[in-house]
Amino acid sequence: MTKYTIDDFARMIDHTNLHADATRTDMIKLCAEAKEYHFKMVAINQVQSALCAEQLRGTDIDTGAAIAFPLGQTSIAAKVFEAQDAMAHGANEIDYVLNITALKDGDDNYIEDEMTAMVRACHEHGVPCKVIFENCYLTKDEIRRAATIAGRVRPDFIKTSTGFGTGGATVEDVRLMKSTVGDAVQVKAAGGIRNSDDFLAMIRAGATRIGTSAGVHIINALRDRMLTDHVTTISLEQD
């Protein structure tokens with residue numbers, strides 16, 4: 001059983017705006033909310049790395065660039081370059097979409113080569129690397145295979161979804177990913193997590209990071225719940 005404060009919960013949230021029509025004003029608002037609520041990271045498209053890094057300068061909130069987003073259908077070299085360019089412009093976390101076609105074709109060697117190259121590119125700069133599986137397009141066996149590869153390569157996180165596919169995070173998939181990688185790699189749940197009950201369910205299932213555009217709503221709801229119950233922490237036990 002682990003006890004979480006409001007700040008503990010906030011520090012699990014990657015505050016997200018990955019919409020194609022997001023404006024400079026939207027990015028500034030996203031960063032302001034991240035600072036107000038003390039979220040762990042802002043999750044943004046790669047091209048917005050410099051703007052968000054500047055907005056967050058002097059804080060402990062990270063700038064997280066999405067790479068090969070949302071389809072994952074670019075070469076390994078292109079993904080590495082995109083990640084390096086993001087880091088050169090201030091990104092200090094990287095979330096990349098793996099090559100879904102290669103995984104579905106059974107080319108596990110390609111997936112491992114890609115993951116190795118991306119993890120190396122990130123870790124050379126001390127930057128965490130998260131691998132997005134996009135589980136809505138995968139069978140349970142494909143999820144397990146990708147997670148098994150991650151257990152060998154050791155990215156910092158494996159992540160359920162982009163939020164732009166046909167489905168988002170599920171408790172079942174988070175459990176499967178966590179049971180496959182164990183403590184070697186952390187799990188990030190993302191996609192469709194819009195309320196505090198779903199947020200807590202993902203943590204119980206084994207997620208230690210949550211990607212959501214509803215972080216403000218979730219934290220306010222949890223704060224209200226704690227005030228109503230006259231408590232300062234919420235205790236959760238992993239399923």
Side-chain angles (χ1 to χ4, degrees), residues 9-20 22 26-27 30 33-34 37 39-46 48-49 52 61-72 79 83 86 91-100 103 115 118 122 127-138 140 142-143 146-147 150 155-178 180-181 185-219 221-222:
F9 285 133
R11 297 298 286 169
M12 299 176 79
I13 290 177
D14 288 353
H15 191 40
T16 305
N17 187 339
L18 290 157
H19 293 292
D26 293 330
M27 291 296 102
L30 186 79
E33 289 171 344
Y37 285 83
F39 293 134
K40 174 60 179 170
M41 186 188 88
V42 294
I44 45 89
N45 281 302
Q46 188 263 12
Q48 292 148 343
S49 297
C52 291
I61 299 162
D62 292 338
T63 299
I67 303 300
F69 193 88
L71 303 178
K79 289 179 183 181
N92 54 357
E93 292 199 21
I94 295 293
D95 293 39
Y96 84 91
V97 186
L98 59 69
N99 189 311
I100 299 162
L103 181 63
M115 199 180 298
M118 289 297 290
C122 292
V127 168
C129 181
K130 308 190 197 86
V131 185
I132 307 173
F133 287 9
E134 198 68 296
N135 288 342
C136 59
Y137 299 130
L138 306 179
K140 301 307 179 190
E142 288 162 349
I143 295 169
D156 299 272
F157 287 84
I158 53 177
K159 176 177 169 183
T160 60
S161 320
T162 65
F164 286 77
T166 57
T170 69
V171 166
E172 180 184 11
D173 284 351
V174 171
R175 285 190 189 125
L176 173 59
M177 295 164 76
K178 182 60 180 175
T180 304
V181 295
V185 179
Q186 297 182 73
V187 176
K188 175 177 172 179
I193 303 167
R194 299 188 179 92
N195 60 63
S196 58
D197 288 338
D198 289 344
F199 176 83
L200 296 177
M202 295 301 168
I203 297 171
R204 290 191 189 97
T208 53
R209 194 79 72 87
I210 309 292
T212 179
S213 59
V216 170
H217 169 74
I218 289 168
I219 292 300
L222 290 170

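Any value given below was found using the heavy atoms of this structure, including those in side chains, with hydrogens, waters and symmetry copies removed.
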| task | Check Ala146 against Met115 and note the closest heavy-atom contact, atom names and distance. | result | O-CE, 4.1 Å

| field | Residues Val42, Met27; criterion side-chain contact (heavy atoms from CB on, under 4.5 Å); working and verdict | value | CA-CA 9 Å; Val42 294; Met27 291 296 102; over 6 Å; no

| remark: What one should report as the nearest heavy-atom pair of Met177 and Asn135 is SD-ND2, 3.4 Å

| field | Separation of His217 NE2 from Leu222 CG (nearest 0.5 Å) | value | 9.0 Å

| query | Are the side chain of Ser161 and the backbone N or O of Ala190 linked by a donor-acceptor pair below 3.5 Å? | reply | yes

| task | May I ask you to say whether Glu93 pairs ionically with Lys188, meaning some side-chain N is under 4.0 Å from a carboxylate O? | result | no

| query | Is a side-chain N or O of Thr212 found less than 3.5 angstrom from the main chain of Ile193, in a donor-acceptor match? | reply | yes

| field | Main-chain N/O of Val97 paired with Lys159 side-chain donor or acceptor, under 3.5 Å | value | no

| field | Non-hydrogen atoms of His15 and Val216 that approach each other most closely | value | CE1-CG2, 4.1 Å

| said: What verdict does the side-chain contact (heavy atoms from CB on, under 4.5 Å) test give for Thr160 and Thr170, after you've listed the backbone C-alpha separation in whole Å, the side-chain angles of each residue and the deciding distance to 0.1 Å? | reply: CA-CA 8 Å; Thr160 60; Thr170 69; over 6 Å; no

| note | Val185 and Ala150 have their tightest heavy-atom pair at CG2-O, 3.6 Å

| note | Smallest heavy-atom separation, Thr16 atom then Asp14 atom, equals OG1-O, 2.7 Å

| Judged by atom type as modelled, is there a donor-acceptor pair below 3.5 Å linking the side chain of Asn195 to the main-chain atoms of Asp197? | yes

| Salt bridge or not for Asp156 and Lys130, using N-O below 4.0 Å? | no

| query | Roughly how far apart are Met202 CE and Asp173 CG, rounded to 0.5 Å? | reply | 9.0 Å

| message | For the backbone of Ala66 and the side chain of Asp95, can you confirm whether one donor and one acceptor N or O come within less than 3.5 Å of each other? | response | no

| query | Roughly how far, to the nearest 0.5 Å, is the CG atom of Asn45 from the NE2 atom of His19? | reply | 10.0 Å

| query | Distance-only, no hydrogens or angles: does the Glu134 side chain make a donor-acceptor pair with backbone N or O of Leu71 under 3.5 Å? | reply | no

| task | For the residue pair Ile13 and Ile219, establish whether any side-chain heavy-atom pair is separated by less than 4.5 Å. | result | yes

| said: How long is the straight-line distance from CG of Leu18 back to CD1 of Ile44, given to the nearest 0.5 Å? | reply: 7.5 Å

| message | Can you tell me how far apart NZ (Lys140) and OG1 (Thr180) are? Round to the nearest 0.5 Å. | response | 11.0 Å

| task | Write down the atom of Ser49, the atom of Ala91, and the distance for their closest heavy-atom approach. | result | OG-CB, 3.9 Å

| Verdict with reasoning, Ile67 to Met118, per side-chain contact (heavy atoms from CB on, under 4.5 Å) | CA-CA 10 Å; Ile67 303 300; Met118 289 297 290; 4.2 Å; yes

| field | Donor-acceptor contact present, side-chain Arg11 to main-chain Phe39, <3.5 Å | value | yes

| query | Any idea how Phe9 and Phe199 line up, ring-wise: parallel (<30°), tilted (30 to 60°), or perpendicular (>60°)? | reply | perpendicular

| remark: d(Ile210 CD1, Ile218 CD1) to nearest 0.5 Å is 8.0 Å

| message | Assess the residue pair Leu98 and Phe133 against the criterion (side-chain contact (heavy atoms from CB on, under 4.5 Å)); give the C-alpha distance rounded to whole Å, side-chain angles, the decisive distance to 0.1 Å, and a yes or no. | response | CA-CA 6 Å; Leu98 59 69; Phe133 287 9; 3.7 Å; yes

| field | Val131 vs Tyr96 side-chain heavy atoms within contact, under 4.5 Å | value | yes

